[in-house]
Amino acid sequence: MAPVENQSVEYTKDRQEELQDNIKGVEEDISKSYNSIKQASSTKPRLVAVSKLKPASDIQALYDIGYRHFGENYIQELVDKAQVLPKDICWHFIGNLQSNKAKTVVSGVGDALWVIETLASEKTAGLLEKAVASRLGDGEIPREKRLKVYIQVNTSKEDVKSGVDPLTTGASSSDIANHELVKLATYIYTQCPHLHLLGLMTIGSFSASHDPSKPNPDFETLTTSRHELYTYLSSHLDNAKSVLPQTEQEWELSMGMSADFESAIKQGSSGVRVGTRIFGERPKKVKAGDGAAVTK
Ligand SMILES: *Cc1c(COP(=O)(O)O)cnc(C)c1O
């Protein structure tokens with residue numbers, strides 16, 4: 001496994017200023033979109049700076065001006081960066097999570113692992129549960145100490161993207177009972193006391209050739225999935241009242257990237273994941289391999 005080439009956390013003033021300008025621009029656009037739909041009860045979407053394939057020094061530069069939420073796609077790169085960077089960074093794992101890497105990410109990142117955004121199978125949920133239990137002990141743990149997860153939903157139903165199928169309006173209740181999103185959420189609530197389901201996540205279709213004045217269909221699909229899931233579990237899950245959030249809106253929606261975060265926010269995103277607009281273009285990845293970042 002190739003190590004990340006440059007683990008130095010030293011940056012130049014120029015690079016920090018460039019990153020600062022970029023991220024301020026993104027924050028302004030987030031505020032504009034958010035202010036256009038703002039409701040008294042809602043909170044401003046969280047900005048996650050997606051730093052994959054970018055050096056640890058870029059992260060340190062943003063950390064030093066107050067940023068804490070960073071997103072990474074490759075397990076080994078994340079573990080390597082977490083080791084050299086401050087321990088109070090809130091890491092978001094947003095890449096494909098193979099079940100055999102569940103233990104590595106939990107033990108390698110430790111308490112700084114803020115959320116796994118890409119949970120898509122019971123097998124991986126079970127292995128994450130086991131890994132967190134062996135770190136924190138088998139006993140009951142308070143919700144805020146559990147490992148947060150989003151279930152990734154493949155809203156565009158493309159074969160190349162991972163994630164469970166979305167739920168649609170009007171499905172029969174027997175179809176819903178066997179739906180993989182329902183089964184995975186039920187599994188988390190009933191079998192994974194060390195995990196906390198924070199909400200749903202989607203990448204969406206990059207080529208969404210939809211009319212930009214209309215809502216993005218991927219983001220609508222994610223919102224519908226949340227609604228259908230909440231409605232179903234509210235009446236079918238044991239102890240639904242005590243385990244589910246009080247309202248469906250308390251389940252977050254992680255949606256929106258550099259190209260589409262503004263429409264995502266207008267459609268109710270709780271957190272956007274922005275890379276290119278902050279850090280610039282990424283180097284091309286030449287080999288996906290086992291999750292290590294291998295760059296030219
Ligand atoms: C790379 C990536 C992002 C950031 O994409 P940009 O277009 O660079 O903003 C967001 N989410 C996921 C899951 C990614 O893999």
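Whatever order the structure lists them in is the order used to number ligands and atoms, beginning at 1. Note that the coordinates shown come from a computational prediction; the quantities given were computed from them, not determined experimentally. Quick note: numbers below take in every heavy atom, side chains included, and nothing from hydrogens, waters or symmetry partners.
Y34 and S42 are linked by a side-chain donor-acceptor pair at a separation below 3.5 angstrom, with hydrogens and angles left out of the test. Side-chain contact of E117 with S254: a donor-acceptor pair under 3.5 Å is present, judged by distance alone. Judged purely by distance below 3.5 Å, without hydrogens or angles, the side chains of D64 and Y11 pair a donor atom with an acceptor atom. No side-chain donor-acceptor contact under 3.5 Å links S36 and K266.
If you look at E117 next to ligand 1, there are no close heavy atoms at all, none under 4.0 Å. With a 4.0 Å cut-off on non-hydrogen atoms, K52 touches ligand 1 through its side chain and not its backbone.
Polar contact check, I203 against ligand 1: no nitrogen or oxygen pair lies under 3.5 Å apart.
No continuous path of hydrophobic side-chain contacts links Y187 to L147 [ILVMFWY only; heavy atoms under 4.5 Å].
Short contacts between ligand 1 and N73, defined as distances under 4.0 Å to a heavy atom of the residue, involve ligand atoms 14 (C), 15 (O). Per-residue contacts place R273 under 4.0 angstrom from the following atoms of ligand 1 (heavy atoms of the residue considered): 4 (C), 9 (O), 10 (C), 11 (N), 12 (C), 13 (C). Taking every non-hydrogen atom of G275 and a distance limit under 4.0 Å, the qualifying atoms of ligand 1 come out as 4 (C), 6 (P), 8 (O), 9 (O). Atom numbering of ligand 1 starts at 1 in the shown order; those under 4.0 Å from a heavy atom of T276 are 6 (P), 7 (O), 8 (O), 9 (O). The ligand atoms of ligand 1 that sit less than 4.0 angstrom from a heavy atom of V274 are 9 (O).
In this structure D111 satisfies the salt bridge (Lys or Arg N to Asp or Glu O under 4.0 Å) test together with R135, sequence neighbours excluded. Partners of R68 by salt bridge (Lys or Arg N to Asp or Glu O under 4.0 Å), not counting sequence neighbours, listed by chain and number: D88.
Heavy atoms of R282 approach ligand 1 to within less than 4.0 angstrom.
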